**Student:** 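After the structure tokens below, expect a handful of questions from me.
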Amino acid sequence: MNIPDNLFYTKEHEWAKIEGNLATIGITEYAQSSLGDIVFVECPNIKKPCEQFEPFAVVESVKAVSDVRAPLSGKIIKTNQALKDNPELINQSPYEKGWFVVIEIKDEKEKVNLLTSSSYNDYIKELSK
Amino acid sequence: MKAELKTTPLFNEHKVLEAKLAPFSGWFLPIQYTGIIAEHNWTRRSCSLFDISYMGKFVIRSEPGKSNLEKIVTINLAKMPLGSCRYGFMLAEDGGIIDDIVVYKLKKDKWMLVGNAANAESDAAYLKRHLSKNCQFEDVSNKLGKLDLQGPFSRNVLKRIVGEDISRLKYYRFDYFSVLDEEIIISRTGYTGELGYELYLSNKNIEELWHLLLKDDRVKPAGLGARDTLRLEMGLPLYGQDINRQVSPKEAGLERFVDFSKDFLGREAIAKKNIKKRLSCFAANSRRAPRQGYKIYSQEKEIGVVTSGSFSPSLSCGIGMGYIDLENNKIGANIVLKQDDVQIEATIVNKPFYKQGSVNSHKSQVISHKLQVT
């Protein structure tokens with residue numbers, strides 16, 4: 001299972017790449033693999049706020065509809081337009097081309113509530129038992 | 001929980017193939033092997049193999065007049081030639097659907113019924129209750145395996161294994177073929193809209209036949225996920241979702257599978273029933289899929305409910321089925337499907353959604369015409 005070192009994770013299988021006061025957000029390899037073929041994504045408009053661990057986007061696979069929760073609170077400043085016509089990018093490249101949004105981080109201290117790659121890796125192993 | 005679920009004789013094969021398994025109707029079954037969309041598309045373009053061993057299967061050894069089977073099903077059994085099978089229903093007295101089934105006339109006095117896995121126990125109980133006491137009834141669900149081979153190449157794939165004779169099988173006909181020292185039943189039937197076959201054989205040979213079929217490069221395994229999107233694109237109902245004990249074949253738009261020229265359980269009730277809603281198909285104007293339970297609206301007025309929905313891999317949009325009030329049920333009408341914050345604009349359409357299926361392809365038509373001439 002691919003779990004890049006430089007990202008932070010949630011127990012709901014989202015990731016955040018933190019660069020200065022900005023964070024890029026997506027769903028993990030484990031999430032895309034569990035969902036199966038993703039066919040639709042609903043992302044909020046830019047300037048909308050998001051709250052840590054609250055739903056901000058929706059992904060639909062052939063079989064299921066799932067909320068995507070924000071790893072950090074903030075304001076959405078950019079959304080991945082490519083997902084509109086090619087939601088399968090999330091399956092193909094969950095950490096690169098399949099990113100959902102970029103947010104302006106509201107409170108950097110919230111980072112302590114997130115998992116590092118090694119603790120997320122342990123968490124996944126526990127789930128798969 | 002998993003320990004209580006039943007598994008098919010091919011369970012280990014599914015694990016070897018790293019299938020995603022999930023509970024379905026009391027069984028632990030493969031949902032997908034590589035991915036639903038890839039398996040769906042492969043079925044439409046080439047040929048897929050499905051393990052469908054979980055279906056309910058019953059054998060009745062008696063003539064339908066004597067066994068009372070004629071009165072239990074909506075199909076006119078007296079009119080069926082040997083080697084034919086027919087789709088129809090078992091109904092409750094009030095006309096509600098007990099199950100949708102396929103009946104096989106194996107001999108004049110030997111018939112097989114195939115029904116849904118979820119109904120296997122209730123079907124057996126219903127049959128036992130209504131069959132004559134002196135007829136021989138056997139539930140063969142657990143000893144007879146079933147493989148579905150579906151897709152435009154299925155005939156050519158089977159030719160290599162059972163010989164040229166497979167080409168003689170017309171739609172909704174079956175025959176016995178010698179495979180692995182067993183006489184197995186193969187019918188030209190399916191649930192995908194493609195040219196396809198259903199194979200019934202003993203559990204002991206199913207693993208070997210599974211491998212034999214998968215050796216052909218044109219064949220790949222497909223799971224329940226693709227089976228569901230394939231059937232939905234054809235507008236074929238699924239028991240437990242689109243049809244159930246609370247609706248009659250009339251409401252489901254399936255009265256052509258009910259023969260009113262004969263007597264059967266539930267006949268009186270549905271003959272005089274005035275229906276208020278009908279099962280309809282609709283296509284979304286976007287990639288967003290309707291889902292079971294979403295409400296259907298026409299200009300702010302609630303007019304129905306979604307019973308099945310999915311993304312359609314062939315059409316690249318959301319598609320679904322649901323019951324809609326008759327007065328609002330017009331082909332081409334614009335509707336909105338809603339649940340919480342979700343709003344999907346859609347249009348009522350004719351079935352099937354997917355119209356290029358090889359089940360009715362020119363090629364199979366030509367072959368069956370030739371057979372009728374010779």
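Order of the sequence lines sets the chain letters (A, B, ...), proteins ahead of strands, with each chain counted from 1. Remember, it's a predicted structure, so these values are computed and weren't measured experimentally.
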**Student:** Evaluate A:Val65 against B:Val342 for side-chain contact (heavy atoms from CB on, under 4.5 Å), listing each step before the verdict.
**Tutor:** CA-CA 11 Å; A:Val65 185; B:Val342 180; 6.0 Å; no
**Student:** Other residues, nucleotides and ligands only: do more than 12 of their heavy atoms fall within 6.0 Å of CG on A:Asn2?
**Tutor:** yes
**Student:** Look at atom NZ of A:Lys11 and say whether more than 12 heavy atoms of other residues, nucleotides or ligands are closer to it than 6.0 Å.
**Tutor:** no
**Student:** For the pair B:Lys20 (side chain) and A:Ser33 (backbone), establish whether a donor and an acceptor sit closer than 3.5 Å, ignoring hydrogens and angles.
**Tutor:** yes
**Student:** At a heavy-atom distance under 4.5 Å, which candidate from A:Val58, A:Asn91, A:Val62, A:Val41 has the highest pair count against chain B?
**Tutor:** A:Val62
**Student:** Within a radius of less than 6.0 Å around NZ of B:Lys351, do more than 12 heavy atoms belonging to other residues, nucleotides or ligands occur?
**Tutor:**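 Yes - once you tally the heavy atoms of other residues, nucleotides and ligands closer than 6.0 Å, there are more than 12.
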**Student:** Count the heavy atoms belonging to other residues, nucleotides or ligands that lie under 6.0 Å from CG of B:Asp341, then report whether that count exceeds 12.
**Tutor:** no
**Student:** How far apart are the closest heavy atoms of A:Val39 and B:Ile37, and which atoms are they?
**Tutor:** CG1-CD1, 3.7 Å
**Student:** Evaluate whether atom CD of A:Glu108 has more than 12 neighbouring non-hydrogen atoms of other residues, nucleotides or ligands under 6.0 angstrom away.
**Tutor:**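 Check fails, neighbour count at 12 or below.
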**Student:** Any salt bridge between A:Asp85 and B:Arg287, counting N to O under 4.0 Å?
**Tutor:**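 Looking at A:Asp85 and B:Arg287, the cut-off is not met.
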**Student:** Quick one: NZ on A:Lys63 to CG on B:Asp228, what's the gap to the nearest 0.5 Å?
**Tutor:** 4.0 Å
